[in-house]
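Notes to accompany the following structure.
Computed from a predicted structure; not experimentally measured.
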Amino acid sequence: MTSFRTFRFTFLFAFLVFCNSCKNETQKATEPSSEKIQSWENSAAVKDSVKNILFYGNSLTAGYGLDSDEAFPALIQQKLDSLNLDYKVINAGLSGETTAGGLGRLDWILKQPVSIFILELGANDGLRGVPLDETRKNLQSIIDKVRQKDPETNIILAGMQLPPNIGREYTAEFKEIYPSLAEKNDLYLIPFLLEDVAGKPDLNQGDGIHPTAEGQKIVARNVWEILREVISE
């Protein structure tokens, strides 16, 4: 089995692929009966009670190389549905996204109400050698904007790590960004999003970076361990 030593070299060169897709649906309106009007009113009430969980990240969140229903946000939706929990998952992952890019598109994303905001950004910054202060500042600005939009939104920060061949000091300081921001802002923290997946070739696609469908299931479990704490409050 390939060790993390092998994984760390492939990690640096393979993470900058861009992909994202979206689908829109339309419905035809028909003349409603009084029964249908009542039914629609009831449906609207249910819809209003549904809370949004927004996953905001890069290709890991987007589910690069997989069908959309195999990405971990979709698996989280399946888990929520199985428990009859009224939450709607929104996958706002964008392959190749940096913290600067995420900050730039955030206002548009926050036009919709968000109950739980899961922030998974920063890995591409590290792979590009972005100054750590800049990455930290951008993540803090994203956190600030989410709270300014709605102070009641719960924020979960997904921790990431870099391969040590980039430089011991840089990678150590990068890793520390996430717990320090979580502590400073009183956030929920996923210590390492790719725990038990990184460095395992049978759980990653050919690029050695992006999880396979089986790997995504483990990532979903890592997320659920923290998300269920937020939901149960």
Side-chain angles (χ1 to χ4, degrees), residues 50-62 71-73 75-77 79-80 85 87-94 97-127 130-162 170-198 216 218-233:
V50 175
K51 299 177 182 179
N52 290 333
I53 300 176
L54 193 143
F55 286 85
Y56 200 62
N58 50 42
S59 57
L60 295 175
T61 293
F72 73 85
L75 300 180
I76 293 295
Q77 181 70 75
K79 181 70 173 181
L80 294 165
L85 296 172
Y87 286 90
K88 176 186 176 183
V89 166
I90 300 171
N91 188 337
L94 180 63
E97 187 71 290
T98 62
T99 58
L103 180 59
R105 67 186 175 103
L106 186 61
D107 287 338
W108 181 80
I109 292 293
L110 292 179
K111 289 182 179 180
Q112 56 200 320
V114 178
S115 177
I116 301 173
F117 186 95
I118 301 177
L119 177 55
E120 180 270 304
L121 284 174
N124 286 325
D125 290 45
L127 294 174
V130 173
L132 295 171
D133 287 345
E134 183 176 335
T135 297
R136 183 188 298 270
K137 180 180 178 181
N138 289 337
L139 289 171
Q140 182 63 61
S141 295
I142 291 172
I143 294 166
D144 291 341
K145 278 199 170 189
V146 172
R147 285 189 163 162
Q148 288 169 6
K149 178 67 174 182
D150 184 355
E152 298 301 316
T153 298
N154 287 305
I155 302 174
I156 299 175
L157 184 60
M160 288 300 300
Q161 299 177 21
L162 295 174
Y170 185 91
T171 55
E173 291 183 15
F174 178 89
K175 179 180 177 180
E176 183 58 27
I177 287 175
Y178 297 92
S180 63
L181 281 176
E183 181 178 2
K184 175 183 176 181
N185 295 278
D186 193 23
L187 308 178
Y188 293 89
L189 176 68
I190 302 167
F192 181 33
L193 183 70
L194 298 178
E195 188 70 40
D196 298 325
V197 177
Q216 287 277 355
I218 297 175
V219 175
R221 289 203 295 268
N222 294 338
V223 173
W224 180 249
E225 285 298 313
I226 305 303
L227 179 58
R228 68 179 179 180
E229 296 180 20
V230 181
I231 292 174
S232 63
E233 286 191 343

ask   = Atom CD1 in Ile156, atom CG in Leu193: separation rounded to 0.5 Å?
value = 11.5 Å
request  = Without swapping roles, check the side chain of Asn91 against the backbone of Gly93 for a donor-acceptor pair under 3.5 Å.
outcome  = yes
key: Point-to-point distance, once rounded to the nearest 0.5 Å, from OH of Tyr170 to NZ of Lys175   = 15.5 Å
message = Going by side-chain hydrogen bond (donor to acceptor under 3.5 Å, both in side chains), name the residues that satisfy it together with Tyr188, two or more places apart in sequence or in a different chain.
response = Glu233
task = Test side-chain contact (heavy atoms from CB on, under 4.5 Å) on Thr98 and Val130 and set out the steps.
result = CA-CA 10 Å; Thr98 62; Val130 173; 5.9 Å; no
query = For Ile177 and Leu139, which heavy atoms make the closest approach, and how far apart are they?
reply = CG2-CD1, 3.9 Å
ask   = Would you call the rings of Tyr178 and Phe174 parallel, tilted or perpendicular if under 30° counts as parallel and over 60° as perpendicular?
value = perpendicular
Arg136 side chain vs Ser180 backbone, donor-acceptor pair below 3.5 Å = no
ask   = Hey, what do you get for CG (Asn154) to CZ (Arg147), rounding to the nearest 0.5 Å?
value = 8.5 Å
ask   = So Phe72 and Phe55, would you call those rings parallel, tilted or perpendicular, with 30° and 60° as cut-offs?
value = perpendicular
task = Using atom types as modelled and distance alone, determine if a side-chain donor or acceptor of Asp125 lies under 3.5 Å from a backbone N or O of Thr135.
result = no
ask   = Does any N or O in the side chain of Gln77 come within less than 3.5 Å of the main-chain N or O of Tyr87, such that one atom is a donor and the other an acceptor?
value = yes
query = Any donor and acceptor pair, going by atom type alone, linking the side chain of Asn124 with main-chain N or O of Glu97 inside 3.5 Å?
reply = yes
